[in-house]
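Report on one structure; see the data block that follows.
Atoms within a ligand are numbered from 1 in the order they appear, just like the ligands themselves.
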Amino acid sequence: MLPTAIVSARGEARLRQGHPWIYRADVADTAAEPGDIVDVIGPRQRFLGRALFSDQSQITLRLLTREDEEVDAAFWRRRIDAAVRYRAQLEIDATAYRLVHGEADLIPSLIVDRYASVLVVQALSQAIDRALPELVPLLVEITGATGVLARNDPRVRLLEGLEQRVEVLSGEVPERIVVREGPIEYHVDTRHGQKTGLFLDQRENREAAARYARGRVLDAFSYDGAFALRLARHADRAEAVDSSAEAVRRVAENARLNAIENVAPREANVFDELRELERSGARYDTIVLDPPAFAKNKASIPKALAGYKDINLRALRLLNPGGVLITCSCSYNVDEATFAATIYEASVDSHVPVTVVEKRMQGRDHPVLLGVPETYYLKCLILRRLI
Ligand code: SAH
């Protein structure tokens, strides 16, 4: 007998709709320990599936399967195999990409990113944290990885009552790993870099942006300069702006690694910098706006929208006619329609007519699970200034 969780009628209805999460309010009773895998039982004693149980998070249950199947090594292997095989089908022209994207690979709360021969994992729930000793050897066997690092320092782990720690779980993980994305190589510090090292979710948007890049390029919120480096090959000059001195240092380092000489990184606050550039009469042919999530929660949405509008309005004014703006939002709390409406406002207020050339999202290695809006967070619009 597995431990059990009995859900309310509302919980059962939610599972029927296809959402894998059951919140605490919809769980009537549990007989389980933190991090157990439980049988999910409906209000009329019906078996609904098996789930990851958390005694701390508001998300009490994360559904693993609707079948009466054992969640054993063979189960995990099937799920990991499927995720890995899907990435192989994508024929990704890079050595760094996401292998397992949690809910969207039916392994809720597990993230696995590949950086050359190293895997970086994040266990974002009690049960996945507990399952890591079982999952890591499978990951190594399936991918042939030479090292596995746990980047278990995201703040969401605190909601699970899990500590934040970074540790090597298998093999060796060098301090610095060189990966390739298309024609560009990067030094990655998987222990200290943002996210798991790189913003892998933007890989395909960088590829897309490169198709429009020309003239003078501004990469605003550049981090380690991934857009700037990629676009510089098609441009006269690419300026990368980030408020982090460490990021600026890394842009310069990556430019050297690739022998790219027309990338100029500088440390500045983008909000101030855009104003300053406007005052000085600067003009660009290609601008990328890839800010951090301005809306971390619902309460900050109005302020976030004001921020998105401000930077987009100023970027549009800085563009030459015919110039292209690649504008992104990774705020899950700002949906696609709201983001598009904000860009429209920026266009109206700046008196800059634009056409939408492409509507994009996070890369295909970070797929969206339909019916689970939480898995759709990155929006990317490519706009062209008409006159
Ligand atoms: N474009 C990058 C990812 C950017 S992440 C890529 O493709 O890899 C967001 C970046 O914005 C972070 O590096 C952070 O340091 C920077 N940042 C946050 N607030 C900022 C501000 N007000 N001005 C400039 N940079 C900022």
Report, in ascending order of atom number, the atoms of ligand 1 lying under 4.0 Å from any heavy atom of [X].
{"X": "Gln194", "result": "12 (C), 13 (O), 14 (C), 15 (O)"}
{"X": "Ala268", "result": "23 (N), 24 (C)"}
{"X": "Phe199", "result": "3 (C), 5 (S), 6 (C), 8 (O)"}
{"X": "Asn269", "result": "22 (N), 23 (N)"}
{"X": "Ser244", "result": "15 (O)"}
{"X": "Pro292", "result": "9 (C), 11 (O), 18 (C), 19 (N)"}

Next item on the list: Test Tyr212 against every option in Glu358, His234, Arg384 by the side chain to side chain donor-acceptor pair (under 3.5 Å) rule and name the one that passes.
Entry: Glu358
At a non-hydrogen distance cut-off of under 4.0 Å, which region of [X] contacts ligand 1 (side chain, backbone, both, or neither)?
{"X": "Ala220", "result": "neither"}
{"X": "Ala247", "result": "neither"}
{"X": "Glu273", "result": "neither"}

Between [X] and [Y] (side chain of the first, backbone of the second, donor and acceptor by atom type, cut-off under 3.5 Å), is there such a pair?
{"X": "Asp72", "Y": "Ala74", "value": "yes"}
{"X": "Ser331", "Y": "Ala295", "value": "yes"}
{"X": "Asn320", "Y": "Gly323", "value": "no"}
{"X": "Thr30", "Y": "Ala32", "value": "no"}
{"X": "Gln164", "Y": "Asp153", "value": "yes"}
{"X": "Thr342", "Y": "Leu305", "value": "no"}
{"X": "Arg62", "Y": "Phe53", "value": "no"}

Note to self: Minimum distance, heavy atoms only, to atom 25 (N) of ligand 1: which one of Pro291, Gly307, Ser243 is it?
What the structure shows: Ser243
Checklist line | Candidate with minimal heavy-atom separation from atom 7 (O) of ligand 1, of Gln202, Arg250, Arg206 | finding: Arg206
Would you mind checking which non-hydrogen protein atom is closest to [atom], with the distance to 0.1 Å?
{"atom": "atom 3 (C) of ligand 1", "answer": "Asp290 OD2, 3.2 Å"}
{"atom": "atom 4 (C) of ligand 1", "answer": "Phe221 O, 3.1 Å"}
{"atom": "atom 23 (N) of ligand 1", "answer": "Val270 N, 2.9 Å"}

Checklist line | Intermediate values then yes/no, salt bridge (Lys or Arg N to Asp or Glu O under 4.0 Å), Asp113 and Arg98 | finding: CA-CA 4 Å; Asp113 288 341; Arg98 180 149 295 184; 2.6 Å; yes
Next item on the list: Would you check whether Asp242 has a nitrogen or oxygen atom less than 3.5 angstrom from a nitrogen or oxygen atom of ligand 1?
Entry: yes
Margin query: For ligand 1 and Phe227, I'd like to know whether there is a polar contact (N/O to N/O, distance under 3.5 Å).
Written below: no
Margin query: Rounded at 0.5 Å granularity, tell me how far CD1 in Ile311 sits from CG in Leu274.
Written below: 7.5 Å
